[in-house]
Amino acid sequence: MVFAQTSPPDVITTRLMLDEYRAIEETNLEHHEYCNGEIIAMSGGSESHSA
């Protein structure tokens with residue numbers, strides 16, 4: 001059986017609690033998604049999309 005590795009073994013992943021993510025997101029100019037404790041950068045949107 002072979003398992004795919006999604007990140008190099010020397011990468012350390014820090015998981016955050018939802019409250020920590022919310023505190024970071026309140027002051028951040030970029031928007032992110034919260035998924036199982038990880039913060040994932042969202043791609044940019046257009047002005048028409050925001051409207």
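This is a predicted model, so every value here is computed, not measured.
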Pairwise salt bridge (Lys or Arg N to Asp or Glu O under 4.0 Å) hits with a residue in residues 26-36, at least two apart:
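Applying salt bridge (Lys or Arg N to Asp or Glu O under 4.0 Å) to every pair that reaches into residues 26-36, excluding sequence neighbours, yields nothing.
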Side-chain donor-acceptor pairs of residues 17-24 under 3.5 Å, sequence neighbours excluded:
| unit_1 | atom_1 | unit_2 | atom_2 | d |
| --- | --- | --- | --- | --- |
| E20 | OE1 | M17 | N | 2.6 |
| Y21 | OH | H32 | O | 2.7 |

For a quick test of reading the model, state the closest non-hydrogen atom pair linking E38 to R15 and the distance between them.
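Smallest heavy-atom distance, with atoms named: OE2-NH1, 2.8 Å.
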